[in-house]
Amino acid sequence: MGHEGVGIVEEVGSAVNNFKVGDRVLISCIASCGKCENCKKSLYAHCEDGGWILGHLIDGTQAEYVRIPHADNSLYHIPEGVDEEALVMLSDILPTGFEIGVLAGQVKPGDTVAIVGAGPVGLASLLTAQFYSPAEIIMIDLDDNRLDIAKKFGATQLVNSSDGKAVEKVMALTDNKGADVVMEAVGIPPTFLLCQEIVKAGGHIANIGVHGKSVELHIDKLWIRNITLTTGLVSTSSTPMLLKTVKSGKLKPEQLITHRFSFDDILKAYDVFGNAARDRALKVIISNE
Ligand SMILES: [Zn+2]
């Protein structure tokens, strides 16, 4: 919690070169030194003195002030003329959907992409998959409201999986072949199983979901199908590129924001986010102003 945000620099440490007091900044969910072995490979997720620590191992952004370690490599200047609030979507969900879903899944022009889970990260994958012009994007979710949003965001086919027939429906939409790229954006055993059943021969399963328990891997069925399975924690190495697409209007992250609360009303914000289906909530902005 509290691993996303934008803000204004109030004070800088002596090791910080790229930022000064008063700068408006985007805060990356990943803190990285930029100097260790993993950082040199742009694998900031596994920085030897950082990674995903903000709001996880150290205090996060849901406060009046927040300390960002390794600021030079973990903050980004906010470009002129960009909707600052919308950039909160670039702290985590857009780079996650892009790097762990779209890039790891190797989405190509003409592909059929299936995204399991139309929550914020699934929708972020849907938005950024379109950089590569797939032919079809099939969105799969239990909630019709989220599927409607997915349609507005560019999904070409919607599958409501609440009747337990998602596999049959996806197969019917793909000439019984399955999808070239399947993204798992939920993180529970049934959705991971669904991905294995709808991936095309030679296809990719890109796991984005954060799993809390182990899942079954049907290697006995998949070994012969030449599939690739990828997992990962976002490195946010794509953030500078994503900022350019926001600045030019190609990517519109503000679409993901459904609710806004002041810091004093944070408990209300949690109630809304905890009842996302009831309140039709995607991303909730909490502001100190
Ligand atoms: Zn590092």
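We count ligands from 1, going down the list as the structure has it; atoms in each ligand are counted the same way. In this chain, numbering begins with 1 at the start of the sequence shown.
- At distances below 3.5 Å, not a single donor-acceptor pair connects side-chain atoms of Ser238 with backbone N or O atoms of Glu99.
- When distances to the Zn ion (ligand 1) are checked against a cut-off of 2.8 Å, His70 contributes no N, O or S atom below that limit.
- For the residue pair Asp141 and Asn160, no side-chain donor N or O sits within less than 3.5 Å of a side-chain acceptor on the partner.
- Rounding to the nearest 10°, we obtain 100° for the angle at the Zn ion (ligand 1) between Cys47 SG and Cys33 SG.
- Expressed to the nearest 10°, the angle at the Zn ion (ligand 1) joining SG in Cys36 with SG in Cys39 is 100°.
- Side-chain contact annotation: Asp49 with His70, donor-acceptor N/O pair under 3.5 Å present.
- Judged as a side chain to side chain donor-acceptor pair (under 3.5 Å), and not counting sequence neighbours, His77 has no contacts.
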